[in-house]
Amino acid sequence: MARHLITSAIPYINGIKHLGNLVGSQLPADLFARFQRARGNEVLFLCATDEHGTPAELAAAKAGKPVDEYCAEMWGIQAEIAKGFRLSFDHFGRSSSEQNRKLTQHFAGRLAAEGLIEEVTENQVYSNGDGRFLPDRYIEGTCPNCGFESARGDQCDNCTKQLDPIDLIDARSTISGSTDLERRETKHLHLRQSLMKDQLNDWIESKHDWPILTTSIAKKWLHDGDGLQDRGITRDLSWGVPVKKGDADWPGMEGKVFYVWFDAPIEYIACANEWTDAKGLSDADWQRWWRTDMGAQDVRYTQFMGKDNVPFHTLSFPVTILGSGEPWKLVDYIKSFNYLNYDGGQFSTSRGRGVFMDQALEILPSDYWRWWLLSHAPESSDSEFTWENFQSSVNKDLADVLGNFVSRVTKFCRSKFGEVVPDGGTWGAPEQALIAELTTRIRAYEGHMEAMEVRKSASELRAIWAAGNEYLQEAAPWSSFKTDPDQAAAQIRMALNLIRLYAVLSEPFIPDASAALMTAMQTDDDTWPDDVAAALGALPAGLGFTVPEVTFRKITDDEREDWQTRFAGVRD
RNA sequence: GGCGGUGUAGCUCAGUUGGUUAGAGCAGCGGAAUCAUAAUCCGCGUGUCCGGGGUUCAAAUCCCUGCACCGCCA
């Protein structure tokens, strides 16, 4: 039995994510996790919220709440929505956890001991009005170059000139508007990534089977310009993991915290510890997933993320892992995704453009979204969501091809044989041909799922559904019933078994519908069809079933038009 | 500005290391069937593979160049 450690990029805490975020990491990760579980493998699937940093502080301030309270609340909301989408995390953690605090400090201590951390004195802008240092992008003023009035501290959006915040005319804090700003010296820690450039390069170069998107982004950052740069890993903030060297204080770093990108990926590990703590398990139970000296040597670790997260996962986090000098599990495969666009433009969190996860669940059950998003996952390039495409895909694939198959089979059986798997008759050439085709297709499906070829998997699954309709058309039990009821019984018995088979195969994509079909067929036999012929005999003659309610309803033109206008505008 | 990505049928997209008449799903057209959520099944593609050069026996696929759209710039 293989062991799969699977993580999805952790979503930032300040608000509800849109469908583009969902399809770029959590959803395909869930697909893979569900598939591996269905194959009987051991899976630990983790995700969490990324909670630290200035945006969280500002969002909390805007909501009029203490930041920890705000984060706890938003975590609850995100966790609830994740459940709504049936994301099957073994644990949904928080980067602000005690476990992550300790582990982040531990890694910092190890990296310091390995000579990978450098203390650097910098000049940064301090706002007396806010009582804090301000990151460049929270400073605004008039551009000394072009006179643009709301140039940001790092760059003027009008003339694109790179700026130093101190050069801005009438510089002010965008947080409070205060103009009482000054330069202050402050000390920060830099992670010396550049020292590990060659090691990282060798590692990336060895990954021939990774998506080109992943390796090309990693190589760009490794080799662009002066090559991989060291990065500051601390900030003058209060909301974050306090800077410590393991358990020990870090002289000169009092009142500072680690920068989010340092502690966020460590949460992948800490999350496993949160999981064992929540379950009342021992440390050994999470370490066997994360420490190659404590049982993780046979673990295969796969990460899922959008392309914007690739640099952190291919370079920064590996520096933390490798640089620690300890036997932590390094990622084996990084599956990255391009962006999903919305109706001719980008999804926009700030402008409220597009469909957000909570809104999606308000208008349709999760299976509809899961199917469309996964079958259109932006794997090779950016892809696009349009309501027309969503409507036609969902109606055709789910309602017509799969849903109607279930309907026609169960209703025909009910009218001719009653709500029970009919007895009599035997398989002939059409059945053997069907088994042969399904065997070929199911093996292909498994291959694509194993390789995380999401779109290809969806397309193969759809073909497997269609094969049922093709078989019915050829067997025509409504016709054979008139002359040879036994033959019709064998044919419909086969068709009823196809429903169970489809439920098992489709579960990673559409878990709710799958469960409903299993219930309707009155079975809990979810054995994977390694032997297709045997799988098609799982429901024996005499077994009762119920005709399911409409498995997938259709999206009407009126609904589509309504949603189209509703989600084009601005979200409150 | 620098870097990167994308540009293939009306729509959404496949096209591995260059190699037979460039493919799938949807939409459209024609037919079959009537068990079913008017669903299903079968058949049907005269596409400047963004434009222009080049390499090659052979390019959607490699090189140069132009255009368009998009993203990133710590």
Side-chain angles (χ1 to χ4, degrees), chain A residues 135-137 154-155 159-162 190-191 193 208-209 212-213 216-221 223-226 228-233 259-261 306-312 315-316 338-341 343-346 372 375-417 448 451 453-456 458-463 465-482 488 491-492 495 547-556:
Chain A
D136 289 350
R137 60 183 163 145
D154 50 349
Q155 185 179 37
C159 69
T160 73
K161 188 176 165 62
Q162 304 276 330
H190 281 215
L191 181 61
Q193 305 185 125
H208 304 291
D209 61 333
I212 292 169
L213 184 66
S216 69
I217 292 173
K219 288 176 186 172
K220 174 181 184 282
W221 283 62
H223 304 302
D224 231 34
D226 297 330
L228 186 62
Q229 299 298 299
D230 295 343
R231 287 195 66 164
I233 57 166
Y259 187 35
V260 277
W261 75 254
K307 59 183 168 186
D308 50 328
N309 270 316
V310 168
F312 302 116
L315 306 170
S316 306
N338 287 283
Y339 294 135
L340 179 69
N341 288 318
D343 212 5
Q346 292 178 67
W372 190 90
S375 61
H376 293 77
E379 290 179 295
S380 57
S381 65
D382 291 356
S383 66
E384 176 150 331
F385 176 92
T386 64
W387 286 102
E388 288 84 355
N389 189 299
F390 178 67
Q391 180 194 24
S392 69
S393 293
V394 163
N395 286 356
K396 191 69 184 174
D397 299 348
L398 297 181
D400 296 347
V401 176
L402 177 61
N404 182 57
F405 175 79
V406 173
S407 184
R408 66 195 296 206
V409 169
T410 52
K411 285 181 179 169
F412 179 81
C413 184
R414 179 172 63 184
S415 75
K416 306 299 183 196
F417 302 101
H448 290 141
E453 294 273 10
V454 178
R455 295 175 85 127
K456 287 180 184 169
S459 147
E460 196 61 53
L461 180 59
R462 198 197 117 100
W465 296 339
N469 282 314
E470 291 163 27
Y471 166 73
L472 268 193
Q473 201 68 25
E474 187 191 349
W478 48 89
S479 175
S480 58
F481 182 77
K482 295 169 190 164
Q491 290 164 339
I492 229 52
V547 174
E549 297 300 310
V550 170
T551 310
F552 290 103
R553 72 172 186 85
K554 294 206 189 195
I555 296 167
T556 65

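By convention in this document, chain letters (A, B, ...) are assigned in the order of the sequence lines, proteins followed by strands, and residues within each chain are numbered from 1.
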**Q** Could you identify which residues of residues 402-411 of chain A place a heavy atom less than 4.0 Å from some atom of RNA chain B, listed by residue number, or say none?
**A** A:Gly403, A:Asn404, A:Ser407, A:Arg408, A:Lys411
**Q** Give the minimum heavy-atom separation between A:Asn469 and A:Val401, together with the two atoms involved.
**A**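 For A:Asn469 versus A:Val401, the nearest heavy atoms are ND2-O, 3.1 Å.
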**Q** Please report the distance, rounded to the nearest Å, between CH2 in A:Trp478 and P in B:rA33.
**A**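 So the CH2-P distance, A:Trp478 to B:rA33, works out to 12 Å.
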**Q** Check the orientation of A:His376 and A:Trp372. Use parallel for under 30°, tilted for 30 to 60°, and perpendicular for over 60°.
**A**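 Rings of A:His376 and A:Trp372: parallel, as their planes differ by under 30°.
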**Q** If you assign each of A:Ser459 and A:Phe412 to its closest nucleotide in RNA chain B, which residue comes earlier from the 5' end?
**A**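 Looking at the nearest nucleotide for each, A:Ser459 comes out on the 5' side.
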**Q** Restricting to side-chain hydrogen bond (donor to acceptor under 3.5 Å, both in side chains), what partner residues turn up for A:Ser480, sequence neighbours left out?
**A**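 Once residues adjacent in sequence are excluded, the partners of A:Ser480 under the side-chain hydrogen bond (donor to acceptor under 3.5 Å, both in side chains) criterion are A:Gln491.
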**Q** If the C1' atom of B:rU17 is compared with that of B:rG43, how far apart are they to the nearest Å?
**A**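 Nearest-Å result for B:rU17 against B:rG43 at atom C1': 36 Å.
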**Q** Partners of A:Phe412 by ring-ring contact (aromatic ring centres under 6.0 Å, His included), sequence neighbours excluded?
**A** none
**Q** Need to verify one output field. Residue with the more 5' nearest nucleotide on RNA chain B, A:Lys456 or A:Lys416?
**A**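 Its nucleotide being nearer the 5' end, the pick is A:Lys456.
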**Q** Could you pull out all residues at least two apart from A:Arg553 that satisfy salt bridge (charged side-chain N to carboxylate O under 4.0 Å, His left out)?
**A**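 Salt bridge (charged side-chain N to carboxylate O under 4.0 Å, His left out) list for A:Arg553, sorted by chain: A:Glu559.
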**Q** Between the protein and nucleotides 26-31 of chain B, list every N/O to N/O distance that falls short of 3.5 Å.
**A**
residue : atom : partner  : partner atom : Å
B:rC26  : OP1  : A:Arg462 : NH2          : 3.2

**Q** Taking CH2 from A:Trp261 and C1' from B:rA74, how many angstroms apart are they, rounded to a whole number?
**A**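 After rounding, the gap between these two atoms is 10 Å.
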**Q** In whole angstrom, give me the gap between the C1' atoms of B:rA22 and B:rA60.
**A**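 It comes out at 8 Å once rounded to the nearest Å.
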**Q** What are the atom names and distances for every N/O pair under 3.5 Å that joins the protein to nucleotides 11-13 of chain B?
**A**
residue : atom : partner  : partner atom : Å
B:rU12  : O4'  : A:Asn389 : ND2          : 3.1
B:rC13  : OP1  : A:Glu384 : N            : 2.9
B:rC13  : O2'  : A:Arg455 : NH2          : 3.4

**Q** As a quick check of understanding, evaluate ring pair (Phe, Tyr, Trp, His ring centres under 6.0 Å) for A:Phe405 and A:Tyr471, giving each step before the final call.
**A** CA-CA 11 Å; A:Phe405 175 79; A:Tyr471 166 73; 8.7 Å; no
